[in-house]
2 protein chains.
Amino acid sequence: MAATLRDVAERAQVSMRTVSNVVSGYAHVSERMRRRVLDAIDELDYRPNPVARTLRTGRTGMLALVVPEIDVPYFSELARDVINAAAEVGYRVMIDQTGHDHDRERELLTGGDRTMLFDGILFSPLVTRTELLEMNARTSMPLVLLGEHEFDGRFDHVAIDNVQAAHDATTHLIRLGRTRIAAIGAQPDEQYSTPQQRTAGFEGALADAGLTPLRIEAAAHYRRADGYQAARSLLERDPRPDAIFCYSDLLAMGALRAVFDAGLRVPEDVAIIGVDDIEEGRYSRPSLSTVSLDTPFIARNAVARVVARIEDPDTDAVELVAPHALIARESTVGR
Amino acid sequence: MAATLRDVAERAQVSMRTVSNVVSGYAHVSERMRRRVLDAIDELDYRPNPVARTLRTGRTGMLALVVPEIDVPYFSELARDVINAAAEVGYRVMIDQTGHDHDRERELLTGGDRTMLFDGILFSPLVTRTELLEMNARTSMPLVLLGEHEFDGRFDHVAIDNVQAAHDATTHLIRLGRTRIAAIGAQPDEQYSTPQQRTAGFEGALADAGLTPLRIEAAAHYRRADGYQAARSLLERDPRPDAIFCYSDLLAMGALRAVFDAGLRVPEDVAIIGVDDIEEGRYSRPSLSTVSLDTPFIARNAVARVVARIEDPDTDAVELVAPHALIARESTVGR
DNA sequence: TTGTATGCGTTATCAT
DNA sequence: ATGATAACGCATACAA
């Protein structure tokens, strides 16, 4: 069996208190005691039990990262950055996948299941703000929202300026001289605010230029297959778009392939731009123009905020907006 | 403060024992008692503390999935399947990223840090078998290895037949009539067995056909940038390869782009095939021929094995080999 | 069927 | 600076 603190204490002929002091690096321990304890620890191959420590201290040293789908590149790239940022401040990360399931999200937030196993949640939500409010009322788990823009001061929040990002992408298409501009990614049946904001930015940019949307195609999720289907149906209509703004890079990857399968060229016949700047888009053919979101910034600040709230639950909620930048690649400007 | 079992007991005027029975769904509780307890639980909004439960039972209900990089599509797609498979049998998954760091791997396995927070480990390792042996000697954490082939009966193991997979991919290129066949993905300085096995399959298939490798290019990691660089240096040489076998799909995505940037065509000038069958390769231009690995099979069986070992630590180690299948797409056979 | 009491391994309080 | 001991919240052996 694994050795316990008590075993070490007996072996070293000291009290448990002293062992605990040594283990947790307490300052006032005489050098002689420290050596004796350290030797005993070594001989018994003692390792502190984190569960017992957690029960006592109330801290698990773990954060939960909640995303819809971990195999969507934007989320896996974000997860990578979050894991690294958390490791730097001594936290580990549990990843939860909601699979677009509202009930699953709700359960995670209300602690229905096994919450309390972590000290805080980083939440890239599908749920709406109002849903969040009622949920969070029941539990006081430190929570940081990722990626939404609406803010009412009650949640820590690392946001993306979705409206502006969509506006920038659309304006880029307009400046290329495109006039029949469509979009892919609306979710009319859902209440998620991200698509709504991107639609607002898209329509706003067109209106600013005296244009109207050719069409806004829905996408159930933001996967390649959804982008492919949406682009297909866009290309079958008359008039055909000469540019498509996709609400995510992954949608754009599907759209790219659909345009190709229809026997058309990108960007000559149809220009395509996405949002996220996933690595895949830097190698695709053509490479994908996009609006780059600063995921390291998002990860670093989200972790910093949740840790701050863990350490002081009464700290004021803060909203940060992550920088974004338009990146023009082959899918809009050619080679 | 959060309500405890004791609070509920007081409120319902029963013993803690009875409350515990109700909460854990124990059969022999009278209907009257159950109601009283349930009401009290509701009124106090009581939720069991999983940490305390864990300290008592020794089970956390969590598995760790250890991968080199979560944002490599093969691993994020595997993670998705593992999370789902684990959820079905009541476990949650913590994802750990080693970042190709041997020390980090070692620490995770020896429980240096905060191990014991999970009941078992699913390990997609960089380390070699011999390293594993010494490590696992120190701790008896249930462990399942993913993806390696060598087996010595001491570890549960869901394997891939890397030699055969590489052999199949290479044979496919040979049957297309290619003769100047190169490979990308060797790691001469490392001891990982996966690249070694794929090299063996590659060389074996060529030998079977009376051919010799044109060249085997190294790749430090298996990312797009590594594939791009390796393919570039392959294309600069004379004679130029007319086919390239990449040890992973992601390497192939980089190679695809490099061939394109060199002004050549795939598959006319250079045929390319990978291994993994990531979703990206189904949408790329050209779509990527590959050897498909059955990640749902791997995930399902790995979870089943680790759970079996958690429940009975003395169960015999089992090796399973996941099926694989050659999938010919545009990057070798054209449209 | 239900109650009582102990211990899981640690940290923290109170002494000394 | 160190020792004795009481929690942390739960599950279970043992009793009734």
Side-chain angles (χ1 to χ4, degrees), chain A residues 1-41 44-62 111 113-119 139 141, chain B residues 1-41 44-62 111 113-119 139 141:
Chain A
M1 263 316 287
T4 75
L5 201 62
R6 161 173 271 117
D7 300 333
V8 176
E10 273 177 24
R11 173 109 191 185
Q13 301 282 24
V14 298
S15 77
M16 291 170 58
R17 168 65 199 255
T18 302
V19 178
S20 181
N21 280 345
V22 171
V23 169
S24 35
Y26 187 62
H28 306 284
V29 183
S30 74
E31 200 42 52
R32 208 170 51 89
M33 283 288 172
R34 158 169 278 110
R35 264 264 54 89
R36 233 160 73 193
V37 171
L38 252 27
D39 286 345
I41 287 178
L44 296 174
D45 193 24
Y46 165 75
R47 268 184 282 272
N49 179 332
V51 177
R53 175 176 287 167
T54 292
L55 181 61
R56 191 57 237 240
T57 62
R59 298 276 180 87
T60 65
M62 301 228 323
D113 196 18
R114 303 221 173 202
T115 320
M116 292 151 91
L117 260 178
F118 29 81
D119 299 332
T139 168
M141 171 88 58
Chain B
M1 265 315 287
T4 76
L5 201 62
R6 164 175 267 115
D7 300 333
V8 176
E10 272 177 25
R11 173 108 189 184
Q13 302 281 23
V14 299
S15 76
M16 288 172 60
R17 171 63 199 254
T18 302
V19 178
S20 182
N21 280 345
V22 171
V23 169
S24 35
Y26 186 61
H28 307 286
V29 182
S30 73
E31 200 42 53
R32 206 171 52 89
M33 284 288 174
R34 159 168 278 112
R35 266 262 56 87
R36 232 159 75 193
V37 170
L38 254 28
D39 286 346
I41 287 178
L44 297 174
D45 193 25
Y46 165 75
R47 268 185 282 274
N49 178 332
V51 177
R53 177 176 285 170
T54 291
L55 182 60
R56 189 57 233 250
T57 62
R59 298 277 179 87
T60 64
M62 302 228 324
D113 198 16
R114 301 221 175 202
T115 319
M116 292 150 92
L117 259 178
F118 30 80
D119 299 331
T139 168
M141 172 88 58

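In what follows, every chain begins at residue 1, and chains take the letters A, B, ... in the order their sequences are listed. Everything numeric in this text was worked out from a predicted model, so none of it was measured.
For the pair A:Met16 CE and C:dT13 P, the computed distance is 15 Å after rounding to whole Å. Look at CZ on A:Arg53: it is 10 Å from P on C:dA12, rounded to the nearest Å. B:Leu55 has its CG atom 8 Å from the C1' atom of C:dT10, to the nearest Å. Atom CD in B:Glu10 sits roughly 19 Å away from atom P in C:dT2 (whole-Å rounding). Regarding B:Leu117, its CG atom lies at a distance of 19 Å from the P atom of C:dC8, rounded to whole Å. Across the protein-nucleic acid pair, B:Arg59 atom CZ and C:dC8 atom P stand 18 Å apart, rounded to whole Å. Rounded to whole Å, atom C1' of C:dA12 lies 10 Å from atom CG of A:Asn21. As rounded to whole Å, 11 Å separates atom C1' of D:dA4 from atom CZ of A:Arg6.
The side chain of B:Pro48 approaches D:dC10 more closely than any other nucleotide in the set D:dC10, C:dG3, D:dC8. Looking at the side chain of B:Thr57, the nearest of the listed nucleotides D:dT2, D:dG3, D:dA11 is D:dA11. Comparing atom distances between the B:Ala52 side chain and each of D:dC10, D:dT12, D:dA1 picks out D:dC10 as nearest. Of the candidate nucleotides D:dA1, C:dG9, C:dT1, D:dA1 has the atom lying nearest to any side-chain atom of A:Ser30. Picking from C:dC8, D:dG3, C:dG9 the nucleotide with the shortest atom distance to the side chain of B:Arg56 gives C:dC8. When distances run from any side-chain atom of A:Thr18 to the nucleotides D:dT12, D:dT2, D:dC10, the shortest one goes to D:dT2. Taking every side-chain heavy atom of B:Leu5 into account, D:dA11 is the closest of D:dG3, D:dA11, C:dT10.
The minimum heavy-atom distance linking B:Asn49 with B:Val51 is given by the pair OD1-N, 2.7 Å. Contact between A:Ala9 and A:Ser15 at its shortest, heavy atoms only, is CB-C, 3.9 Å.
Taking side-chain N and O atoms only, A:Ser15 has a distance below 4.0 Å to OP1 or OP2 of D:dG3. Contact annotation: B:Ser20 side-chain N/O to D:dC10 OP1/OP2 distance is not under 4.0 Å.
Nucleic acid contact for B:Met33: sugar-phosphate only, since backbone atoms but no base atoms lie under 4.0 Å from a heavy atom of the residue. Contacts of B:Val14 with the nucleic acid, taken as non-hydrogen atoms under 4.0 Å apart, involve only primed sugar atoms and P, OP1 or OP2.
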The test is side chain to side chain donor-acceptor pair (under 3.5 Å); show your working for A:Asn21 and A:Arg17 and say whether it passes.
CA-CA 6 Å; A:Asn21 280 345; A:Arg17 168 65 199 255; 3.2 Å; yes
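Rounded to the nearest 0.5 Å, atoms CZ (A:Arg36) and OG (A:Ser30) are 8.0 Å apart. One finds the OG1 atom of B:Thr60 at 7.0 Å from the CG atom of A:Leu117 (value rounded to the nearest 0.5 Å). Atom OG1 of A:Thr4 sits about 8.0 Å away from atom CD of A:Glu10, to the nearest 0.5 Å. Atom CG of B:Leu44 sits about 11.0 Å away from atom CG of B:Leu5, to the nearest 0.5 Å.
You'll find the side chain of B:Val23 reaches within 4.5 Å of the side chain of B:Ile41, heavy atoms only.
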Between protein and nucleic acid, restricted to nucleotides 14-16 of chain C and to nitrogen or oxygen atoms under 3.5 Å apart, what atom pairs and distances do you find?
unit_1 : atom_1 : unit_2  : atom_2 : d
C:dC14 : N4     : A:Arg17 : NH1    : 3.4

